[in-house]
Amino acid sequence: MRIDVVTIFPAYFDALEISLLGRARQRGLLETHVHDLREAAHDRHRTVDDTPAGGGAGMVMKPEPWGEALDGLLGAAGEEREPGETEPLIVFPSPSGERFTQETARELAAERRLIFGCGRYEGIDQRVFDEYGERGRVRLLSLGDYVLNGGEVAVLAMVEAIARLIPGVVGNPESLVEESHEQGLLEYPVYTKPAVWRGREVPPVLLGGDHGAVEAWRREQSLERTRRVRPDLLGLQAGRAAE
Ligand SMILES: COC(=O)COc1cccc(COC(=O)c2cn[nH]c2)c1
């Protein structure tokens, strides 16, 4: 998979060189390119923002630099794209986006190429989303109901959630199956050695060697934890005991 990121803070993405993602890149499973939006701003101050039309506080990201940066990337894709191949998906993290979930991560992990656009300030001029939404595929995705100063941190989270699902990136694919949200439930509590720590024991069922009993215990723990912490995942209203 090829991932391009457009941002005014490229240094945020030095983190992609580290650990899991760094190894995936070295093994050619993931190709990442980070682009400074200011290189597409040609005035003396490399301006990427301006005052909001209609007034109001803060600044809005101008459409021209985004247009030049994204055309450059899509054009680059044009050279490689087979005829009829789908346009790369362009993802903008946004507080007003659709919810990014494990399901979204699975969908995006199937893409050949992703472009991430990091908004800042009060947001990006709407015409950028309109322009590229007509020409190809654009998705505004939210990590949650809170506001960050910009999309960079959200892109790092999304890239990690997506890249670890690419076959070969995570050593043991088994470990991807049972984690929280893969089965639509929260994961059961995990333990390791020592058998007793500060007087607290590992649940004996986990040390008894009866794999059937372990499976049953883990399933019950997942259901109990999900009921308690995230009843919405079970289609229950918060605060109501399951009937
Ligand atoms: C319409 O969307 C845009 O213009 C994108 O521009 C912005 C502006 C400010 C901040 C962000 C970053 O995303 C979040 O804050 C976010 C994502 N998930 N939860 C919070 C993006």
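Start at 1 and go down the list; that is how both ligands and their atoms are numbered.
- In terms of protein heavy atoms, atom 18 (N) of ligand 1 is closest to Leu143 N, 2.8 Å.
- Residue contact annotation: Tyr146 has a non-hydrogen atom under 4.0 Å from ligand 1.
- Environment of CD in Glu31: crowded, with over 12 heavy atoms of neighbouring residues, nucleotides or ligands closer than 6.0 Å.
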Show the atom names and distances, to 0.1 Å, of all donor-acceptor pairs under 3.5 Å that link a side chain in residues 128-150 to residues at least two apart or in another chain.
residue, atom, partner, partner atom, Å
Asp130, OD1, Gln126, NE2, 2.9
Glu131, OE2, Arg135, NH1, 3.1
Tyr132, OH, Gly67, O, 3.0
Tyr132, OH, Asp71, OD1, 2.6
Arg135, NH1, Asp71, OD1, 3.1
Arg135, NH2, Asp71, OD1, 3.4
Arg137, NH1, Glu87, O, 2.6
Arg137, NH1, Glu111, OE1, 3.4
Arg137, NH2, Glu111, OE1, 3.3
Arg137, NH2, Glu111, OE2, 2.6
Arg139, NE, Glu98, OE2, 3.2
Arg139, NH1, Glu107, OE1, 2.8
Arg139, NH2, Glu98, OE1, 3.0
Arg139, NH2, Glu107, OE1, 3.4
Ser142, OG, Gly144, N, 3.1
Ser142, OG, Gly144, O, 3.0

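- A heavy-atom distance below 4.5 Å is found between the side chains of Pro93 and Met158.
- Atom 15 (O) of ligand 1 has Leu148 N, 2.8 Å as its closest protein atom, hydrogens excluded (heavy atom only).
- The shortest contact between atom 5 (C) of ligand 1 and any protein heavy atom is with Pro93 O, 3.6 Å.
- The hydrophobic clustering, which links ILVMFWY residues whose side-chain heavy atoms are closer than 4.5 Å, places Leu186 and Leu206 apart.
- Close N/O approach between Leu141 and ligand 1 is not found [any backbone or side-chain N/O within under 3.5 Å].
- For a threshold of 3.5 Å applied to N or O pairs, the pair formed by Glu122 and ligand 1 contains no separation below that value.
- Across Leu30, Val155, Leu108, Leu16, a single residue satisfies side-chain contact (heavy atoms from CB on, under 4.5 Å) together with Ile3, and that is Leu30.
- For the atom pair CD of Gln221 and OG1 of Thr226, the computed distance is 10.5 Å after rounding to the nearest 0.5 Å.
- Taking a 6.0 Å sphere around CZ of Arg127, one finds it holds 12 or fewer heavy atoms contributed by other residues, nucleotides or ligands.
- Geometrically, ligand 1 and Gly150 share no nitrogen or oxygen pair separated by less than 3.5 Å.
- Scanning the protein for heavy atoms near atom 19 (N) of ligand 1, the closest one is Gly144 O, 3.2 Å.
- When only non-hydrogen protein atoms are considered, atom 2 (O) of ligand 1 lies nearest to Ser94 OG, 2.8 Å.
- If you check which protein heavy atom lies closest to atom 6 (O) of ligand 1, you get Gly123 CA, 3.4 Å.
- Which parts of ligand 1 touch Ser96 is read off a 4.0 Å heavy-atom cut-off, strictly below it: atoms 1 (C).
- Looking only at protein heavy atoms, the nearest one to atom 16 (C) of ligand 1 is Pro95 N, 3.7 Å.
- Assignment of Phe100 to the shell around ligand 1 is not supported, since no heavy atom sits closer than 4.0 Å.
- Residue Arg228 places its CZ atom among more than 12 non-hydrogen atoms of other residues, nucleotides or ligands, all under 6.0 Å distant.
- Heavy-atom proximity to Leu140, at under 4.0 Å, picks out these atoms of ligand 1: 1 (C).
- Every atom of ligand 1 with a heavy atom of Tyr121 under 4.0 Å away is listed here by number and element: 8 (C), 9 (C).
- The hydrophobic clustering, which links ILVMFWY residues whose side-chain heavy atoms are closer than 4.5 Å, places Tyr188 and Leu207 apart.
- Annotation: atom 4 (O) of ligand 1 to nearest protein heavy atom, Ile124 N, 2.8 Å.
- For the atom pair CZ (Arg227) and CD (Glu220), the distance works out to 5.5 Å, reported to the nearest 0.5 Å.
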